[in-house]
Number of protein chains: 2
Amino acid sequence: MNPCNHHSVSIKEMQKLCVSLVPIFNHLQPTEMEKIVHATRSASYQRGEQIYGAGDTSAQLFIVHRGLVKIFRLSESGREQLIRLLEPGDFMGELALFSGSPFDHFAVAMEQTELCVMTREDLNAFIEQHPKISLRIMEEFSRRLERAEKLISCLTSEATEQRIAAYLVELADEHAANSFTLPMSKKDIASYLGTTPETVSRKLAEFQENGWIEQSGQRNITLLDRYALQNL
Amino acid sequence: MNPCNHHSVSIKEMQKLCVSLVPIFNHLQPTEMEKIVHATRSASYQRGEQIYGAGDTSAQLFIVHRGLVKIFRLSESGREQLIRLLEPGDFMGELALFSGSPFDHFAVAMEQTELCVMTREDLNAFIEQHPKISLRIMEEFSRRLERAEKLISCLTSEATEQRIAAYLVELADEHAANSFTLPMSKKDIASYLGTTPETVSRKLAEFQENGWIEQSGQRNITLLDRYALQNL
DNA sequence: CGGACCATTGATTTAGATCAAGGTTAGTGG
DNA sequence: CCACTAACCTTGATCTAAATCAATGGTCCG
């Protein structure tokens, strides 16, 4: 944890920096933006740098402004379990913020990343003054919760093969295209889907043999038979 | 969906009914309670009755006042996947409320159950007037999210045996005692943990043989060797 | 250019699912 | 209150999907 605080940057710089807050913290008057500026600090991280780790305590809300952050746990056996990837506009650290309990997971920057940081007091004060914003935050929470619960259903009720197929379809939907690039390494995909890199490799090869997908390079995939994948 | 609205009950009755809101909606002045009363309707369900199902749309927040509600999905194969059990004070329906998308899961009363029902408009207005409450709701969200993410880690990184053991330890912690009653049928436990009733049976029998637990009746368990269970 | 990490493919093993058949419990209705 | 039925639980035998172990090739980054 070494957030470099730049409390003396110009308001204009901060506004630019806080542009990622817009999806959540919108409905703001220009004069209100100044309050966010004072409530927010910025922190910068290099690729591979840890933002926080399990056991750390920090009553701060982190909002990704630029870059990519990986959230994961380490199991007893030392296996890394990927929870999710955060893109600009996503936030993290909310549990520590609300309950004060220490983190039980790790956050690491996957590339050059800039964060906005808010303390609990700041958030409290902010929400009291801009109550409508809390609804948007709740909306975001509920979306994440939905995603988590869907993943749980998937993990418990579907076979590994189906999970991998469903994941491909999900990616295609996100990109609104049949060709896309995997957002992470096969190793991480395996961790996310609760399987092993070997199995991911094998299943993708199998899907390709069946003519359902086309792999090119190491991370590019084209869906050829979406229907087949969905009906495994 | 057949909520029986009682909009004409006395304020006193509603206060009693809404006592379960306290964990979330506290910090209220007596005069403010009246607003909740007007914002809330009550609905009553029999054991086994469905509150809503996948596909239904309803922009309402349901808060459990009395009883027990089971939330589950049905997978393609028709397998029931238990998401969670709601006890008094818990709420549901928030995603439909915020995003307007239809439910993708089912909610069924497990016993005689009473709910408080709030529409989106009611919640909006309410939060604008009582912004502090939104922090408590977020807290609740973040707790649920934490639980879901822990379950995901568990499902992906641990073996079935470890999951069952960890679940027993969790139950003991919740009850703050080594003896406790399983909160649901073994069938439902299996569904929750992503396994089958047979495996749950076998593993519990195995744990008992090893002297780690003691089963009595069909739902009572005493932990004898917590350490062994935690270090599978 | 070199080293570390990632990906692929094959051979083997195993945990847990599935299928099957009793025994038990609990909620229902007379 | 008791009897009945349906759902639940348990234990056994078999099967299979995926993990693990292992070895080679590929790719990215310093």
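Numbered from 1 within each chain, the chains take letters A, B, ... in sequence-line order.
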- Message: Please report the distance, rounded to the nearest Å, between NZ in A/Lys187 and C1' in D/dG26.
- Response: 17 Å
- Message: Taking 4.0 Å as the cut-off, does a side-chain nitrogen or oxygen of A/Thr195 come that near to OP1 or OP2 on D/dA19?
- Response: yes
- Task: First locate atom CG of B/Asp188, then atom CD of B/Glu80, and finally report the distance between them rounded to the nearest 0.5 Å.
- Result: 6.0 Å
- Value in whole Å for how far the P atom of C/dT8 lies from CD1 of A/Ile164: 12 Å
- Task: Give one of base, sugar-phosphate or nothing for B/Arg47, where a contact means two heavy atoms less than 4.0 Å apart.
- Result: sugar-phosphate
- Message: Quick check: on DNA chain D, is the nucleotide nearest A/Glu161 upstream (toward 5') of the one nearest A/Gly217, or the reverse? Name the residue that is more 5'.
- Response: A/Glu161
- Message: Just N and O in the side chain of B/Thr160: are any of them under 4.0 Å from OP1 or OP2 of C/dG16?
- Response: yes
- Query: Can you tell which of D/dT11, D/dA18, C/dC6 lies closest to the side chain of A/Lys203?
  - Reply: D/dA18
- Item | Whichever of A/Thr196 and B/Glu198 has its nearest DNA chain D nucleotide further upstream toward 5' | B/Glu198
- Using atom CG of A/Asp188 as one end and atom C1' of C/dC5 as the other, report the distance to the nearest whole Å. 12 Å
- Query: Out of C/dT9, C/dG16, D/dC28, which has the shortest distance to the side chain of A/Gln218?
  - Reply: D/dC28
- Item | Separation of atom CG in A/Leu155 from atom C1' in D/dA18, rounded to whole Å | 15 Å
- Message: From CG of B/Leu204 over to P of C/dG16, roughly how many Å is that when rounded to an integer?
- Response: 13 Å
- Message: Exactly one of B/Glu139, B/Glu149, B/Glu94 should register a salt bridge (Lys or Arg N to Asp or Glu O under 4.0 Å) with B/Arg144. Which one does?
- Response: B/Glu94
- Item | Ionic contact status for B/Glu146 with B/Lys150, cut-off 4.0 Å | yes
- Message: What is the separation between atom CD on B/Glu158 and atom C1' on C/dG16, rounded to the nearest whole Å?
- Response: 16 Å
- Message: Can you measure B/Met184 atom CE to D/dC8 atom P for me and round it to whole angstrom units?
- Response: 14 Å
- Per ring-ring contact (aromatic ring centres under 6.0 Å, His included), B/Phe62 is matched among B/Tyr45, B/Phe91, B/Tyr52 by B/Tyr52
- Would you find more than 12 non-hydrogen atoms of other residues, nucleotides or ligands less than 6.0 Å from A/Glu87 atom CD? no
- Query: If you check the A/Lys186 side chain, which of C/dA7, D/dA18, C/dG16 turns out closest?
  - Reply: C/dA7
- Query: With respect to the side chain of B/Thr199, which nucleotide from C/dA17, C/dT8, C/dT25 is positioned closest?
  - Reply: C/dA17
- Query: Which listed nucleotide (D/dA18, C/dG10, D/dC8) is nearest to the side chain of A/Ala159?
  - Reply: D/dA18
- Message: Is it the case that C/dT24 (base atoms only) and B/Arg219 (side chain only) share a donor and an acceptor within less than 3.5 Å, ignoring hydrogens and angles?
- Response: no
- Among D/dC9, C/dT9, D/dA18, the nucleotide that comes nearest once only the side chain of B/Ser201 is considered: D/dC9
- Find the distance B/Arg202:CZ to C/dA15:P and express it as a whole number of Å. 13 Å
